[in-house]
Structures are given as structure tokens and as C-alpha cells.
Amino acid sequence: RAKKHVARRRRRRDAARSIQRMARWRSDYNKKKLAELRFNSAVAIQTAWRSYYAKWFFDTFLHDRLYTNRACLTLFRYVEALWIGNKTRKQIRHRKALAEYGDLEFQGWQKVIQLSKPPKRKFLLFDEYVLVGTKDVKFYANQVTRACTWTQPEAWRLDDERD
């Protein structure tokens, strides 16, 4: 009878330990799952925030880039308009000079040369003069023959294009 009693107590003790072990394991398992869930939740929140922030940054950067492009295009249009206006005014001044002076004879050219002295540039046999009363209407005189023309000599034009 004592042996039965000891065996029964041993079975109860082992059953209690088994239940306690199972409860501890379940508790540890739940703690691990909870920690994993918290970690995954934190990762999910961070991922959501980072993606939101990245989208915001991209949208802001895109807006800035578009603004910069628009500003550059506007500046380009203004500069282009100024340049075209300058070229047009230059052509108009040249046409007015042609209409006023026309195709001059030798004596007429000599008077214009005297009024327009000194020559602005020299190249080979030619002098470049700026017509008196203008800032950019040019004519060219041959140093040897003193023949004058409104058009730039070909060799001089090619040299200017090379530079």
C-alpha cells in the first residue's frame, strides 16, 4: 500500500510538472509571438512612414525640378527675344544705312571713310570701319585700291567663323 501511495503521488507530481511545463512553454511561446508581432508592427509602421516620406520627397523634388525647368524656359524665351530683337534692330540699321548712302562712288566713300576714322579692325588688305552715327553698321575698305563694300570679305568672314 505504501508503494501504491508513493506511485500515485509521483504520478500527480509528474502530471503537475507536465502541466506547469506546458503552461510555461505556452507562456514563452505567447511572449515570443507577442514580441514578434510588436517587432513586425514596428517594421510595418516604419515601412509605411518611409514610403510616405519618400513619396513626399519625390513629389517635392519633382515640383522643384518642374519649377526650375519652367524658370529656365522662361529665361531662355526672354534671352531669345532680346537676341532676336537685337539682330532685327541691327538689320534695320544696316538697311537704313544702305537706303541713305546706297551704292556710293569713290569720292562718296572717301568722305564716309574720313567721317568714320579710325578703322575698328584690320585684316590683310582690308580695314573695317563703323559708319558714323551708328554703333554696328560696318563697311570694309581695301587699303590698296580704297574700294569699299558693305559686305565682309570672304577670307575675313572665314577667319571670324574659325575664331
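All values below were derived from every heavy atom in this structure, side-chain atoms included, with hydrogens, water molecules and symmetry-related copies excluded.
- In this structure, CD in Glu105 is found 12.0 Å from CD in Gln110, a value given to the nearest 0.5 Å.
- The backbone N or O of Leu131 lies less than 3.5 Å from a partner atom in the side chain of Thr134, making a donor-acceptor pair.
- Exactly one of Trp109, Trp156, Trp150 qualifies for a ring pair (Phe, Tyr, Trp, His ring centres under 6.0 Å) with Tyr140. That residue is Trp156.
- Lys33 contributes atom NZ, which lies 9.0 Å from atom CG of Asn40 (distance to the nearest 0.5 angstrom).
- Between Trp83 and Glu80 the shortest side-chain heavy-atom distance does not fall below 4.5 Å.
- A salt bridge is absent between Glu36 and Lys32: the closest approach of a Lys/Arg side-chain nitrogen to an acidic carboxylate oxygen does not fall below 4.0 angstrom.
- Annotation: side chain of Glu128 is not in contact with side chain of Phe123 (no heavy-atom distance under 4.5 Å).
- Counting heavy atoms from C-beta outward, Gln107 and Lys111 have side chains that stay 4.5 Å or more apart.
- For Val130 against Phe139, the heavy-atom pair with the smallest separation is C-CE2, 4.4 Å.
- From Thr74, atom OG1 reaches atom OH of Tyr78 across 6.5 Å, with rounding to the nearest 0.5 Å.
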Assess whether side-chain contact (heavy atoms from CB on, under 4.5 Å) is satisfied between Asp160 and Gln152, documenting all intermediate values. CA-CA 10 Å; Asp160 280 351; Gln152 190 176 27; 2.7 Å; yes

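- Applying the 6.0 Å contact sphere to CZ of Phe106 captures more than 12 heavy atoms from other residues, nucleotides or ligands.
- Side chains of Ile113 and Arg146 form a contact here, defined as non-hydrogen atoms less than 4.5 Å apart.
- Residues Met22 and Tyr29 are members of one and the same hydrophobic cluster, defined by side-chain heavy-atom contacts under 4.5 angstrom among Ile, Leu, Val, Met, Phe, Trp and Tyr.
- In terms of hydrophobic clustering, with Ile, Leu, Val, Met, Phe, Trp and Tyr side chains grouped at heavy-atom distances under 4.5 Å, Leu115 and Leu104 are assigned to a common cluster.
- Considering only heavy atoms from C-beta on, Arg121 stays 4.5 Å or farther from Phe126 through its side chain.
- Between the Thr47 side chain and the Val43 main chain, a donor and an acceptor come within less than 3.5 Å of each other.
- Here the closest non-hydrogen pair linking Asp127 and Pro119 is CB-CB, 3.9 Å.
- Between Lys120 atom NZ and Asp136 atom CG the span is 8.5 Å, to the nearest 0.5 Å.
- His94 and Lys138 make their closest contact through CE1-O, 4.4 Å (heavy atoms, listed as atom of the first residue, atom of the second, distance).
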Let's go through Asp14 and Arg11 carefully: what are the C-alpha distance in whole Å and the side-chain angles of both, what is the deciding distance for salt bridge (charged side-chain N to carboxylate O under 4.0 Å, His left out) to 0.1 Å, and is it a yes or a no? CA-CA 5 Å; Asp14 290 344; Arg11 278 194 309 264; over 6 Å; no

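- Heavy-atom minimum distance, Leu82 versus Arg89: O-NH2, 4.3 Å.
- Using a 4.5 Å heavy-atom cutoff, the side chains of Arg21 and Trp25 are not in contact.
- Distance check: Arg93 CZ to Gln91 CD gives 10.5 Å after rounding to the nearest 0.5 Å.
- Here Arg157 pairs with Glu154 in a salt bridge; the nearest charged N to carboxylate O distance falls below 4.0 Å.
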Go through the steps to decide whether Arg8 and Arg12 satisfy the test side-chain contact (heavy atoms from CB on, under 4.5 Å), and finish with yes or no. CA-CA 6 Å; Arg8 193 179 333 135; Arg12 281 185 182 172; 4.1 Å; yes

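- Rounded to the nearest 0.5 angstrom, Arg24 CZ and Lys31 NZ are separated by 11.0 Å.
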